[in-house]
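Below, chains carry the letters A, B, ... as their sequence lines are ordered, and counting in each starts from 1.
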2 protein chains.
Amino acid sequence: MPRPSAPSTPPRASATGRGARTRAAILEAATRVFAVHGYRGGSLAAIAGEAELTQPGVLHHFPSKEHVLMAVLQERDRENVKQLRSGPWHDGGVTALRTLLGLVEDNAIARERVQMFTALVGEGVSAAHPAHDFFVERYAHLRYQLIRALQRGQDAGEFRSDVDMAMIASLVLAAMDGLQIQWLLDDEETMPPRFAVLLDMLVTYLAAEPPAPG
Amino acid sequence: MPRPSAPSTPPRASATGRGARTRAAILEAATRVFAVHGYRGGSLAAIAGEAELTQPGVLHHFPSKEHVLMAVLQERDRENVKQLRSGPWHDGGVTALRTLLGLVEDNAIARERVQMFTALVGEGVSAAHPAHDFFVERYAHLRYQLIRALQRGQDAGEFRSDVDMAMIASLVLAAMDGLQIQWLLDDEETMPPRFAVLLDMLVTYLAAEPPAPG
DNA sequence: GTCTATAGTTCGATAGAC
DNA sequence: GTCTATCGAACTATAGAC
């Protein structure tokens with residue numbers, strides 16, 4: 001039974017016909033608009049224009065502007081997660097860090113997505129923003145995953161065990177975010193070489209003297 | 001002649017009377033409002049309310065909302081610069097890095113100002129934002145100052161000379177920004193210890209083998 | 001220097017035709 | 001599923017009284 005009557009989740013009516021296509025077009029348009037004007041400054045009319053619809057047309061596929069926001073965030077975040085899973089992330093240690101560099105390299109050719117996330121997380125630091133909880137959970141999740149990968153490096157004896165990996169994970173994520181800001185503000189800035197320097201420093205630091213027993 | 005007729009710059013009429021005071025009140029109110037709602041989402045009416053004025057009252061002191069934005073950014077940025085100049089920043093090298101840690105510690109008790117900057121830089125990555133140029137120049141200036149401080153460490157033989165200090169400077173600024181984001185999103189995160197770990201790593205890395213001559 | 005009143009936009013969301 | 005039309009609210013900025 002490859003495709004029953006499909007009690008699916010998409011918008012309405014047609015299972016996966018043209019409906020899903022315009023939904024995707026709206027989310028692409030919203031990515032562009034939010035990247036330039038943020039959530040608060042990005043109007044549904046602008047999104048509709050980019051998707052070649054009218055503003056009520058957009059609200060046929062999403063109940064409200066806030067639903068468009070959350071859908072864009074979840075969709076675009078899934079792409080990053082997929083990217084990580086494609087590398088040998090679960091080996092942990094240095095291998096995992098190298099996978100992270102790959103993610104930075106992919107971001108370096110996806111300016112629109114990066115700018116959207118940077119613009120929205122800037123708004124999202126305020127508890128009054130509808131995406132605040134999303135970002136709180138996103139960073140908690142990313143830190144958790146990164147801590148585990150680093151601890152796998154400790155368990156394998158690859159990294160010294162007297163370092164709090166929670167701090168290292170937080171620093172690595174911070175560097176990624178901060179380098180994105182500088183990259184977006186100045187095209188000449190390049191992210192991957194700078195992030196690679198951090199990884200070099202980090203590997204050197206973590207490979208240092210295993211805590212002399214006794 | 002301690003205080004002439006004072007051909008000052010403040011708004012209008014009274015030299016430094018109550019006029020300058022309400023101007024300062026407006027900028028304080030704008031800091032709070034922009035921190036919570038950003039520039040686009042923060043209305044002049046909200047700023048006026050916090051400053052205990054009406055909305056046209058605000059526009060008597062500033063020609064437009066955009067002027068309020070630029071005034072807030074310049075005023076609050078000056079505070080940071082003053083903070084740096086109070087430390088032995090110009091000695092360069094490790095001393096300068098320790099001064100940076102002091103700045104992070106001061107930021108850790110100035111959540112409102114930090115949140116305002118994070119929210120506004122998020123909006124400012126877009127070229128369409130009125131503060132875009134301000135942030136481009138701000139980061140260029142900060143990087144320049146930091147590069148010079150690090151190079152002074154190289155000249156003094158404190159740091160190895162085979163490392164591109166432009167990359168290090170960019171990374172240090174990135175870590176500061178990124179740690180601020182995580183701190184704002186999760187009160188449990190603390191910035192200074194994490195930033196101190198980066199500085200430890202950095203000092204270890206930069207103190208390593210001076211490029212073996214020959 | 002601060003106010004009331006208002007002009008002129010723009011926005012999100014809804015109603016209803018097709 | 002997409003449209004036109006419109007409502008009600010919010011915003012920046014200006015005019016003008018006091």
Review point. Taking all atoms of both residues into account, what is the closest heavy-atom pair of A/R40 and B/G38, and its distance?
Key: NH1-N, 3.7 Å
Check your understanding: Can you check the A/E52 CD to D/dC3 P distance for me, whole Å?
Key -> 10 Å
Review point. Roughly how far, to the nearest 0.5 Å, is CZ of A/R152 from CG of A/D155?
Key: 9.0 Å
**Study point:** C/dT2 phosphate, OP1 or OP2, under 4.0 Å from B/T54 side-chain N/O
**Key:** no
Review point. Taking NE2 from B/H37 and C1' from D/dC11, how many angstroms apart are they, rounded to a whole number?
Key: 14 Å
Review point. Taking atom C1' of D/dC11 as reference, at what distance in whole Å does atom CD of B/E66 sit?
Key: 15 Å
Check your understanding: Out of C/dA5, C/dT2, C/dT14, which has the shortest distance to the side chain of B/P56?
Key -> C/dA5
Check your understanding: CZ of A/R21 versus P of D/dT2: gap in Å, rounded?
Key -> 11 Å
Practice item. Could you check how far CZ of A/R40 sits from P of D/dT12, rounded to whole Å? Key: 13 Å
Practice item. Could you check if a side-chain atom of A/L150 sits within less than 4.5 angstrom of a side-chain atom of A/L97, using non-hydrogen atoms only? Key: yes
Check your understanding: Counting any heavy atom closer than 4.0 Å, what does B/L44 reach on the DNA or RNA strands: base, sugar-phosphate only, or nothing?
Key -> sugar-phosphate
Practice item. Check every atom of C/dA13, D/dT2, D/dT12 against the side chain of B/Q55 and return the nucleotide holding the closest atom. Key: D/dT12
Revision key, fill the gap. Looking only at D/dT14, D/dT12, C/dA13, the nucleotide nearest the B/S43 side chain is D/dT12
**Study point:** For atom CG of B/L59 and atom P of D/dA13, their distance in whole Å
**Key:** 6 Å
Review point. Is there side-chain contact between B/R143 and B/S170, with at least one heavy-atom pair below 4.5 Å?
Key: yes
Review point. To the nearest angstrom, how far is A/I26 atom CD1 from D/dG1 atom C1'?
Key: 11 Å
Review point. Quick one: which of B/T118, B/N107, B/T31, B/D77 gives a side chain to side chain donor-acceptor pair (under 3.5 Å) with B/R113?
Key: B/N107
Review point. For D/dC3, does either OP1 or OP2 sit under 4.0 Å from a side-chain N or O belonging to A/H60?
Key: no
Practice item. For A/G42, answer base if it contacts any base atom (sugar-phosphate contacts may also be present), sugar-phosphate if it contacts only those atoms, and nothing otherwise; contact means non-hydrogen atoms under 4.0 Å. Key: sugar-phosphate
**Study point:** Integer-rounded Å distance: C/dT10 C1' and A/I47 CD1
**Key:** 15 Å
**Study point:** Nearest-neighbour nucleotide for the A/K65 side chain, D/dA13, D/dT2, C/dA13 considered
**Key:** C/dA13
